[in-house]
Undergrad: 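Mind looking over this structure? Questions follow.
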Number of protein chains: 2
Amino acid sequence: MKTRAIRERIIEAADQLFYQQGFAHTSFSDIAGVVGISRGNFYYHFKSKDEILDAVINERLQNTQNMLDMWEEDAPTPEARIRCYIHILLTNRNKIMRYGCPVGTLCGELAKLDHCERTEAIRLFDLFRAWLRHQFTQLGHKEDADRLAMHVLAWSQGVATLANAYEDKDFIDQEIQMICTWLEAYTQSTKRSQHSSDALH
Amino acid sequence: MKTRAIRERIIEAADQLFYQQGFAHTSFSDIAGVVGISRGNFYYHFKSKDEILDAVINERLQNTQNMLDMWEEDAPTPEARIRCYIHILLTNRNKIMRYGCPVGTLCGELAKLDHCERTEAIRLFDLFRAWLRHQFTQLGHKEDADRLAMHVLAWSQGVATLANAYEDKDFIDQEIQMICTWLEAYTQSTKRSQHSSDALH
DNA sequence: GACTCATTAGGACGATCATCCTAATCATAT
DNA sequence: ATATGATTAGGATGATCGTCCTAATGAGTC
C-alpha cells in the first residue's frame, strides 16, 4: 500500500513549505513539485487545501507531543526539562532566523486569514503551555504555573520574531542565557523554600 | 488638488487592510472598495502593489517617528518614556488581540514572501530599537543599551503574539505589570549607583 | 465655446490558483 | 489472460489576481 507513504510525503512537503512560504502563499503545484506527483492527482489524497492544512497541523501536534514526552523521560529535573524547551531556539536557530517560529507564524497567519483551522493551530501552543505549566507546578509554583508557562512561551516567541527580523545569531544566544538565568533564579528560590520546609520536619 | 487627498486615503486604507488581512491577502479590489474609487483607476496613483506597500511603510515610519518624538517631549524621565512604549500594548490591546503587532506581523510575512520591501519594514523595528537604546543609555546602561532595547522589543513582541493567539486580555495586563516591575528594578539600581556617585562628589 | 491636461471608470489580458473530471495506467486476484 | 478496483496524469473550468489600455469625464485656460 503505497498510498500511505505518498500521503506522508505530501504532509511532509506541505509542512516544510507552509513553514517556509506561509500557508496562503503555498500552492498545490509547489507541493506537487516537491513530492514529484502530478498536480491533478492531489485530490485523490486530499479533498481540499484545508484538509492538507489540517493533516499538517495534526502531524505537528503528534511530533510535538512525542518531543515533549521524550523530554519528560530524558531530562532529570523540571528545570532541565524547561531548558530543553528553551534550547529549541538554539537547535533550530538557522531556520528561526529565516522563517521565524513555525507555531507563532502559522497562528499569526491563520488569525489574519480568519481561517477555521486557526483553533487547531493554537492547540500547538496548548501542548507547550500545558507541558510548561506542569513543569512549573513540579517546581512548586502551583499558583503561578500557568502564568509562568505563558511567560516562557511569550519570551521565546519574542526572541524568534526579532531573530527573524534581524537574522541575529548572537541575540538568540544572549536571550537564551537570560532565560536560563531567570529560570535558575526561580528554581533556586524553590529549592530554598524546600530547604526551609525540610527544616520544619 | 484632490489627487493628494486620494493618495492619502489609499495609503490609509491599505495600511489598515495590510494590518488586518496581511499584505498578500489584500487585493486592489479590497482597497478600492474601502476608498470608494474604481479598481482600474488605481494605476494612476500607484504603479504597482509594491509601490503601495512602500508608501504604507513610509507612512508608518513617519507616524512612528512622530509618536517617539512626542514621548520624548511629554514624558519626564527615560523610565517614563519606556513605559510609554510598553503601554502601546494597553492602548492597542483589542487590535493586538485580533491582528497581532503591526510591525512584527508585517516583517514576518515579508520574510516568508522573501519580499524586497522586507528591509524597509525592518526599519520600523529600527526606530523603536534606536529610541529604546537611547532611553537605556540615558538610564546609565551605556554598555547594555542595545541589548536591553532588543530585550524590551522581544518581550513586547512575544506578548503580542500570544495575546493574538489566545485573545487574552488579562495576559497582556499581567505581562505589562511584569515589564514595568522589571524596568523599575533596572532604574532603581541606576538611581542607587547615581546616589553613590553623587556621594563621591 | 474650444482646447488642454489631469483624472476617472471599466473592461481586457495573461497568469495563477483551487477544484473537478475523465481517460489512462497499474497491481492484484481469479 | 482477463477482470476489477486502486491510483495516476493531465487537461478543463471558473474565479481571482495584478497589470494594462482606452475611452470618457472633469476642470481650468485661452
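Predicted model, so just to flag it, every value in this text is computed and none were measured. Per chain, numbering begins at 1; letters A, B, ... match sequence-line order.
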Undergrad: Check the phosphate of D/dT16 against B/Ser27, side-chain N and O only, distance under 4.0 Å to OP1 or OP2. Yes or no?
TA: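 No, no such contact exists.
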Undergrad: If you take the centroid of each ring, where Trp contributes its six-membered ring, are A/Phe128 and A/Tyr85 closer together than 6.0 Å?
TA: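 Aromatic pair counts; centres sit under 6.0 Å.
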Undergrad: Decide, yes or no, whether a salt bridge links B/Arg4 with B/Glu8 under the criterion of side-chain N to carboxylate O below 4.0 Å.
TA: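 Judged by the 4.0 Å cut-off on N to carboxylate O distance, B/Arg4 and B/Glu8 do not form a salt bridge.
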Undergrad: What integer distance in Å separates A/His45:NE2 from D/dA9:C1'?
TA: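 In whole Å, D/dA9 C1' and A/His45 NE2 are 12 Å from each other.
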Undergrad: Which pairs count as side-chain hydrogen bond (donor to acceptor under 3.5 Å, both in side chains) when at least one residue sits in residues 96-110 of chain B, sequence neighbours excluded?
TA: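 Output for this query lists A/Lys112-B/Thr105.
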Undergrad: In whole Å, what is the span from the CD1 atom of B/Ile6 to the P atom of D/dG26?
TA: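 Distance, rounded to whole Å: 15 Å.
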Undergrad: Does the distance from a Lys or Arg side-chain N to an Asp or Glu carboxylate O, for A/Arg147 and A/Asp144, drop under 4.0 Å?
TA: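 Yes, this pair counts.
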Undergrad: Rounded to the Å, how far apart are B/Ile37 CD1 and C/dG10 C1'?
TA: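 It is 13 Å, rounded to the nearest whole Å.
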Undergrad: Find the distance A/Phe23:CZ to C/dA18:P and express it as a whole number of Å.
TA: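 For the pair A/Phe23 CZ and C/dA18 P, the rounded distance is 8 Å.
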Undergrad: Name the pairs: protein N/O against N/O of nucleotides 19-22 of chain C, kept only if under 3.5 Å.
TA:
| unit_1 | atom_1 | unit_2 | atom_2 | d |
| --- | --- | --- | --- | --- |
| C/dT19 | OP2 | A/Tyr43 | OH | 2.7 |
| C/dT19 | OP2 | A/Lys49 | N | 2.9 |
| C/dT19 | O5' | A/Tyr43 | OH | 2.7 |

Undergrad: Would you kindly give the CG-to-P distance between A/Asp30 and C/dC17, to the nearest whole Å?
TA: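 Answer to the nearest Å: 6 Å.
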Undergrad: Quick one: ring-ring contact (aromatic ring centres under 6.0 Å, His included) partners of B/His115, sequence neighbours excluded?
TA: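 B/His115: ring-ring contact (aromatic ring centres under 6.0 Å, His included) contacts with B/Phe23.
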Undergrad: Under the side-chain hydrogen bond (donor to acceptor under 3.5 Å, both in side chains) test, which residues partner B/Asp146, sequence neighbours left out?
TA: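 If we apply the side-chain hydrogen bond (donor to acceptor under 3.5 Å, both in side chains) test to B/Asp146, skipping adjacent residues, the hits are B/Arg129, B/Arg133.
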Undergrad: Using the ring-ring contact (aromatic ring centres under 6.0 Å, His included) criterion, which residues pair with B/Phe46? Sequence neighbours excluded.
TA: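 Applying ring-ring contact (aromatic ring centres under 6.0 Å, His included) to B/Phe46 gives none.
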Undergrad: Applying the ring pair (Phe, Tyr, Trp, His ring centres under 6.0 Å) test to B/Trp131, which of B/Phe136, B/Phe125, B/Trp71 qualifies?
TA: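 Exactly one candidate clears the test, B/Trp71.
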Undergrad: Tell me which nucleotide among D/dA6, C/dT7, D/dC17 gets nearest to the side chain of B/Thr3.
TA: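 So the nucleotide nearest the side chain must be C/dT7.
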Undergrad: Please determine whether a side-chain nitrogen or oxygen atom of B/Ser38 lies at a distance below 4.0 Å from atom OP1 or OP2 of C/dG10.
TA: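 The answer is no; no side-chain N or O of B/Ser38 sits under 4.0 Å from OP1 or OP2.
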Undergrad: Heavy atoms within less than 4.0 Å of DNA chain C: which residues of residues 7-21 of chain A have one? Give them sorted by number.
TA: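 When residues 7-21 of chain A is checked for heavy atoms under 4.0 Å from DNA chain C, there are no hits whatsoever.
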Undergrad: Could you give the CD1-to-C1' distance, from B/Ile52 to D/dT19, as a whole number of Å?
TA: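 After rounding, the reported distance stands at 12 Å.
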Undergrad: Do B/Arg9 and B/Glu12 sit within salt-bridge range, that is, some charged N less than 4.0 Å from a carboxylate O?
TA: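 Salt bridge: no.
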